[in-house]
**Q** 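Sharing a structure with you now.
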Amino acid sequence: MTAADPQQPDPRPVPARSVRRSLASIVLGFELFIVLLAALTIFGLSPAPFGDDGIPRWWALVGGGVLLVALLAIMALLRFEGAYVAGWVLQGILLATGFLNPAMFFVGALFGGMWWYAMVAGARIDRTRKETA
């Protein structure tokens with residue numbers, strides 16, 4: 001019974017999902033992998049603040065875990081406007097991890113740019129959709 005019954009009313013139309021929200025989810029999803037790999041790299045390479053005399057190395061894994069949980073929470077809360085602000089804060093934190101491993105300055109800037117583009121282009125597409133609807 002695959003044919004639609006003409007007696008039943010049409011199902012309610014599903015509202016279009018925000019492009020900004022979709023793009024933000026994609027960027028944050030990729031950042032999950034980056035944060036995991038960065039935490040493992042910082043843990044394994046034992047940069048200057050970590051080691052025998054400094055901060056215990058396992059703190060790199062704890063910090064990475066906290067960032068992962070924050071990224072997942074923000075992904076789940078993207079229906080609220082405050083989650084986008086929190087996303088900007090996480091982009092800053094990701095950029096600041098460059099002080100632990102200088103390669104993270106490049107990665108943080110790259111993902112910050114992706115986040116900026118997702119916010120600008122997504123909002124523009126959503127606005128255009130709303131105007132043409």
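Just so you know, these numbers use all the heavy atoms, side chains as well, and skip hydrogens, waters and symmetry mates.
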**Q** With the 4.5 Å side-chain cut-off for hydrophobic clustering, are I26 and W115 part of the same group?
**A** yes
**Q** Got a second to check how far L32's CG is from L68's CG, nearest 0.5 Å?
**A** 6.0 Å
**Q** Mind checking whether Y117 and V120 have side chains closer than 4.5 Å, heavy atoms only?
**A**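 They are not in side-chain contact.
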**Q** Working to the nearest 0.5 Å, report the span between CD1 of I42 and CE of M104.
**A** 6.0 Å
**Q** Measure the CG-CZ distance between L71 and F33 for me, rounded to the nearest 0.5 Å.
**A** 11.5 Å
**Q** Which heavy atom in A60 sits nearest to a heavy atom in A39, and how many Å separate them?
**A** O-CB, 3.7 Å
**Q** Quick check for you: to the nearest 0.5 Å, what is the distance between R17 atom CZ and D126 atom CG?
**A** 11.0 Å
**Q** Closest approach of A118 and L23, non-hydrogen atoms and distance?
**A**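 So the minimum-distance heavy-atom pair works out to CB-CB, 3.6 Å.
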**Q** Is there side-chain contact between F99 and F105, with at least one heavy-atom pair below 4.5 Å?
**A** yes
**Q** Search all heavy atoms of E81 against all heavy atoms of R20 and return the closest pair with its distance.
**A**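 Heavy atoms only, the tightest pair is OE2-NH2, 2.7 Å.
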**Q** Would you check if R21 and Y84 make a side-chain contact, meaning some heavy-atom pair closer than 4.5 Å?
**A**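 Sidechains of Y84 and R21: in contact.
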**Q** Give a yes or no on whether V89 and L67 share a hydrophobic cluster (residues Ile, Leu, Val, Met, Phe, Trp, Tyr; joining criterion: side-chain heavy atoms under 4.5 Å apart).
**A**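 Yes.
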**Q** Honestly curious: do L72 and F80 fall in one hydrophobic cluster under the side-chain, below-4.5 Å linking rule?
**A** no
**Q** Is the shortest side-chain heavy-atom distance between F111 and M114 below 4.5 Å?
**A**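 F111 vs M114: side chains touch.
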**Q** Linking I/L/V/M/F/W/Y whenever their side-chain heavy atoms sit closer than 4.5 Å, directly or via other members, would V35 and W88 fall into one cluster?
**A** yes
**Q** Kindly give the heavy-atom pair with the smallest separation between G108 and L95, and that separation in Å.
**A**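 Shortest heavy-atom contact: C-CD1, 3.8 Å.
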**Q** Minimum heavy-atom separation for S25 to L78, with atom names?
**A** OG-CD1, 3.3 Å
**Q** Quick test of your reading of the model: are E131 and R124 salt-bridged, counting only N-O distances below 4.0 Å?
**A** no
**Q** If you compare all heavy atoms of Q91 against all heavy atoms of L28, which two are closest, and at what distance to 0.1 Å?
**A**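 Minimum heavy-atom contact is NE2-CD2, 4.1 Å.
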**Q** If you round to the nearest 0.5 Å, how far is OG of S18 from CZ of R79?
**A**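 One finds 13.5 Å between CZ of R79 and OG of S18.
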**Q** Assigning hydrophobic clusters by single linkage (Ile, Leu, Val, Met, Phe, Trp, Tyr; side-chain heavy-atom cutoff under 4.5 Å), is W116 placed with I34?
**A** yes
